[in-house]
Amino acid sequence: MLSAEKLTKTYPGRPPAHALRGVTAAVSAGEIVGVVGESGSGKSTLARIWAGLDDATGGAATLHQRPVADWLARDRLGFHRRVQYVFQDPVESLNPRLAIREQLATPLRLLRGLPPADARDAVGELLAQVGLKAEHADRHPHAFSGGQAQRIAIARALAARPEVVICDEAVSALDVSVQADILDLLRELRASHGLAYLFITHDLAVAAEFCQRLIVLKSGEIVEQGAANTVLANPQTDYTRTLRDSVFSL
Amino acid sequence: MKLVPRICIGVLVVAALLALFAPWLPLPDPAATQLDRRLLPWFSEGHLLGTDLLGRDLLARLVAGLRLSLAAALAATLLALTVGSVLGIVAGYKGGRTDGVIMRAIDFLMAFPYLILALAIVATLGPGLLNGLAAIAVVNIPFFARTTRGVTLGLARQSFVEAARLSGRSHLGILRHEILPNVLPTIIVTGSTTFGWMLLETAGLSFLGLGAQAPQADLGSLLADGRQLMLVAPGVALLPGLVILVLVLALNLLGDHLRDRLDPRLRHAPAGAPGAATTVIAPFSTLSTNKPLLHVDDLRVAFNDQPTVKGVGFTLEHGQTLGLVGESGSGKSVTALSLARLVASPPGVITGGAIRFDGHDVLTATPSQLRALRGRRIAYIFQNPRSTLNPLLTLAAQVGQTLRAHQGLTAAEARKRAAALLEEVGLAPAADYLDRHPHQLSGGQRQRVVIAMALANDADLIGADEPTTALDATVQKKVIDLLLDLQKKRGLALLFISHDLGVVKAVCHHLVVLRHGELVEAGPTAEVLANPQHPYAQALVSKSPRL
């Protein structure tokens with residue numbers, strides 16, 4: 001579904017910074033793919049290019065064999081309907097001055113094409129899906145905890161009924177028990193909606209619990225990819241082994 | 001509301017009502033001349049404030065002038081506000097070339113002294129109130145454009161704007177529905193503080209004869225008329241001058257008040273800077289004077305009368321590590337900061353309990369006793385080394401200032417000692433690092449520098465608040481190994497705050513679990529993790545991800 005062919009991203013400067021150096025990878029329908037690596041390894045850059053938030057310098061990022069740039073130029077709403085994104089900081093990803101209803105009604109209206117009144121009514125249903133109450137809709141973001149705010153952000157991403165949701169460190173800023181609840185929620189939603197996830201994380205323990213397949217990035221290159229249990233149980237590179245052995249597990 | 005803003009609002013409401021209903025007030029025609037009734041004094045029959053050189057009623061002229069001045073200033077403000085804000089928001093949101101073109105044009109406008117520019121515009125367009133207010137509006141556009149651009153620039157990079165784009169909003173939709181509501185308070189504040197200024201400027205142009213033209217008169221031209229009669233009839237000039245003074249004063253004071261209310265940076269600031277130490281309003285319990293290095297008993301801390309830490313107690317010995325575990329808002333950091341009375345006060349207050357560190361009663365310590373403890377005996381390592389280190393100081397200066405403050409070393413001695421410390425935390429050879437600035441280091445190296453600073457004065461107790469949370473797993477492991485190694489060598493007592501039970505298991509001898517400010521479980525780490533008693537501790541253990 002999502003695929004990347006020899007994707008490169010270079011930020012100009014002296015010397016230029018190579019965030020991605022020829023990444024080739026794919027996400028199939030319904031799959032949970034984790035992207036792990038140290039900070040600066042290019043995890044977020046890959047995610048942002050796939051979501052259409054950044055341009056690649058070279059190579060091709062495609063959705064259903066069609067380049068992302070082409071989607072954005074000809075059918076931007078159709079692209080956003082299929083690919084959604086959950087940001088790391090839930091509080092910053094919600095507009096502080098708009099009520100939740102307005103923020104969740106926007107994708108229902110613009111991406112799903114519901115009439116404004118129906119979109120506003122459907123917000124309650126959307127909130128129920130992520131374990132919040134319909135009466136939460138008329139509050140502003142500051143009234144919510146970090147975990148609740150992330151649930152709202154997930155609800156917003158789901159509003160369009162996407163095929164793939166890209167989670168960029170979506171649980172990293174949350175407390176352990178909240179983190180576990182959000183992961184459970186993501187699993188349930190996948191079961192009911194048939195979603196695929198691209199799950200960016202620096203936390204190998206979380207990746208191990210949540211992902212089916214892992215892509216290990218180092219300085220903008222894939223050093224290893226494969227089934228999550230295989231990669232973690234039997235790493236093929238020293239880098240992956242060091243990553244794994246650095247985790248303090250319970 | 002305070003008295004001053006109330007008075008200001010009162011003054012402005014009266015002025016606005018007078019201006020609004022001027023044509024319907026029972027006043028003579030302000031332009032009607034009566035040459036036989038020139039320069040009448042105050043309280044003359046039919047002319048409460050007397051008449052001017054042409055026998056026109058001064059009160060009527062004052063009210064008409066007020067109406068004209070307020071309308072001109074309001075129009076100029078709205079014009080400058082609308083054009084300036086639109087330019088600023090577009091420039092800040094689009095960035096790149098659009099931003100460059102708009103802001104250079106604004107810079108060009110600002111390169112002229114504003115009054116000269118206004119005079120030049122009026123000179124070109126010809127005198128008259130409309131041209132005058134247009135000129136004033138134009139010279140004030142940069143003010144609004146720059147302010148709104150700055151705010152928009154910060155907003156445009158926040159993820160909610162990207163999220164709105166992914167929700168299907170167009171760029172115009174984002175500007176209207178996402179950015180504008182966030183910029184509006186700034187625009188309102190800027191507009192209200194500028195309004196008084198605009199009133200002065202339009203009156204100024206009229207005073208110079210370039211604004212309102214006779215028989216039309218605003219406050220500025222009234223003042224100009226009266227100026228010629230200063231010696232004969234001072235009242236004619238005095239009154240419009242007084243009205244301008246009162247109006248502008250009321251506008252500016254109200255503008256300041258609005259800014260305090262609406263500016264998010266000022267709204268949440270506590271009144272005044274925090275004091276040198278956390279205020280204590282506690283009845284002290286007496287703890288045994290010898291024995292453990294640190295003894296905390298029934299500690300209670302409140303913020304704005306809301307209890308945040310509700311009776312937490314523990315002890316800590318040399319060479320031991322105590323883990324404080326809990327979720328955000330559980331009171332971990334507040335507990336740790338209380339040990340050196342570093343909780344900002346106001347709003348934080350220690351309301352009860354006792355803290356004894358190596359025989360010192362921390363809660364009754366004087367400021368100078370506390371200074372001797374902090375940094376010297378009790379040191380801290382915080383989560384984000386980037387904000388802990390001063391970006392302008394080299395590592396030698398950074399580490400050196402702690403040494404010089406507490407040990408009175410000379411600059412050369414401090415540098416030598418700093419070098420030894422840097423090598424001790426693994427930044428070797430120190431010569432390569434001493435003259436670097438924090439931005440030239442990786443996150444892990446920065447945290448090593450912070451650890452070196454904590455060690456600089458041979459502290460006995462180090463409070464480490466999520467010291468590795470911002471670091472990569474590989475770097476986290478190295479930093480923790482370093483801390484454990486240093487603890488072994490120096491016999492340090494560590495108070496280790498973390499939300500990561502895996503790390504806590506590897507580092508801590510004992511463990512305290514906090515929830516909503518209450519201690520829910522405590523004991524040796526291995527026991528608590530293997531067999532947690534409290535449901536919350538059980539949930540924490542079962543929900544932690546495992547490899």
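Because only heavy atoms are used, hydrogens play no part in the values below, and waters and symmetry mates are left out as well, while side chains stay in. Proteins get letters first, then strands, A, B, ... in listed order; numbering begins at 1 in each. Please read all numbers here as calculations on a predicted model, not as lab measurements.
- Between the CZ atom of Arg169(B) and the CZ atom of Arg109(A) there is a distance of 6.0 Å, given to the nearest 0.5 Å.
- For Arg241(A), the CZ atom counts as densely surrounded, since its 6.0 Å shell holds more than 12 non-hydrogen atoms of other residues, nucleotides or ligands.
- The closest side-chain heavy-atom distance from Pro545(B) to Gln179(A) is below 4.5 Å.
- At least one donor-acceptor pair closer than 3.5 Å links the side chain of Glu92(A) to the backbone N or O of Ser159(B).
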Steps toward side-chain hydrogen bond (donor to acceptor under 3.5 Å, both in side chains) verdict (Glu327(B), Ser177(A)): CA-CA 8 Å; Glu327(B) 307 204 321; Ser177(A) 63; 2.3 Å; yes
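- At a 4.5 Å heavy-atom cutoff, Ala539(B) makes no contact with chain A through either its backbone or its side chain.
- Between Leu98(A) and Pro181(B), the shortest heavy-atom contact is CD2-CG, 4.4 Å.
- For the pair Lys505(B)/Phe248(A), no side-chain contact is recorded, criterion being any heavy-atom separation below 4.5 Å from C-beta on.
- When side chains are defined from C-beta on, His177(B) does not count as touching Arg97(A), because their heavy atoms never get closer than 4.5 Å.
- Closest approach of Leu250(A) and Leu529(B) over heavy atoms only: CD2-CD1, 3.7 Å.
- Using a 4.0 Å cut-off between charged side-chain N and carboxylate O, Asp181(A) and Lys543(B) make a salt bridge.
- Heavy atoms of other residues, nucleotides or ligands lying less than 6.0 angstrom from CZ of Arg161(A) number 12 at most.
- Rounded to the nearest 0.5 Å, atoms CG (Asp500(B)) and OG (Ser249(A)) are 9.0 Å apart.
- Counted within 6.0 Å of CD on Glu125(A), heavy atoms from surrounding residues, nucleotides or ligands total 12 or fewer; the atom is thus considered open.
- Here the CD1-CG distance, from Ile166(A) to Leu166(B), works out to 9.0 Å after rounding to the nearest 0.5 Å.
- At least one donor-acceptor pair closer than 3.5 Å links the side chain of Arg76(A) to the backbone N or O of Arg165(B).
- Judged as a side-chain hydrogen bond (donor to acceptor under 3.5 Å, both in side chains), and not counting sequence neighbours, the contacts of Ser328(B) are Asp175(A).
- Interface summary for chain A: among Leu155(B), Val161(B), Ile480(B), the most heavy-atom pairs under 4.5 angstrom belong to Ile480(B).
- Under the 4.0 Å criterion applied to side-chain N and carboxylate O atoms, Glu162(B) and Arg48(A) are assigned as salt-bridge partners.
- Taken from CD in Gln158(B) to OG in Ser93(A), the straight-line distance is 10.0 Å, to the nearest 0.5 Å.
- Across all non-hydrogen atoms, the minimal contact from Pro96(A) to Asn182(B) is CG-OD1, 3.4 Å.
- Taking the side chain as every heavy atom from C-beta outward, Ser167(B) and Arg156(A) approach each other to under 4.5 Å.
- Listed options Asp184(A), Leu110(A), Leu77(A) were ranked by heavy-atom pairs under 4.5 angstrom with chain B; first place goes to Leu110(A).
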Derivation and outcome, side chain to side chain contact (heavy atoms under 4.5 Å, CB included), residues Leu243(A) and Thr474(B): CA-CA 6 Å; Leu243(A) 276 184; Thr474(B) 47; 4.0 Å; yes
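- Here Ser544(B) is the residue among Ala506(B), Gly443(B), Ser544(B) with the most heavy-atom pairs under 4.5 Å with chain A.
- Looking at Asn95(A), its side chain does come within 3.5 Å of a backbone N or O of Glu178(B) through a donor-acceptor pair.
- Between chain B and the options Ala180(A), Ala205(A), Gly37(A), the largest number of non-hydrogen pairs under 4.5 Å is found for Ala205(A).
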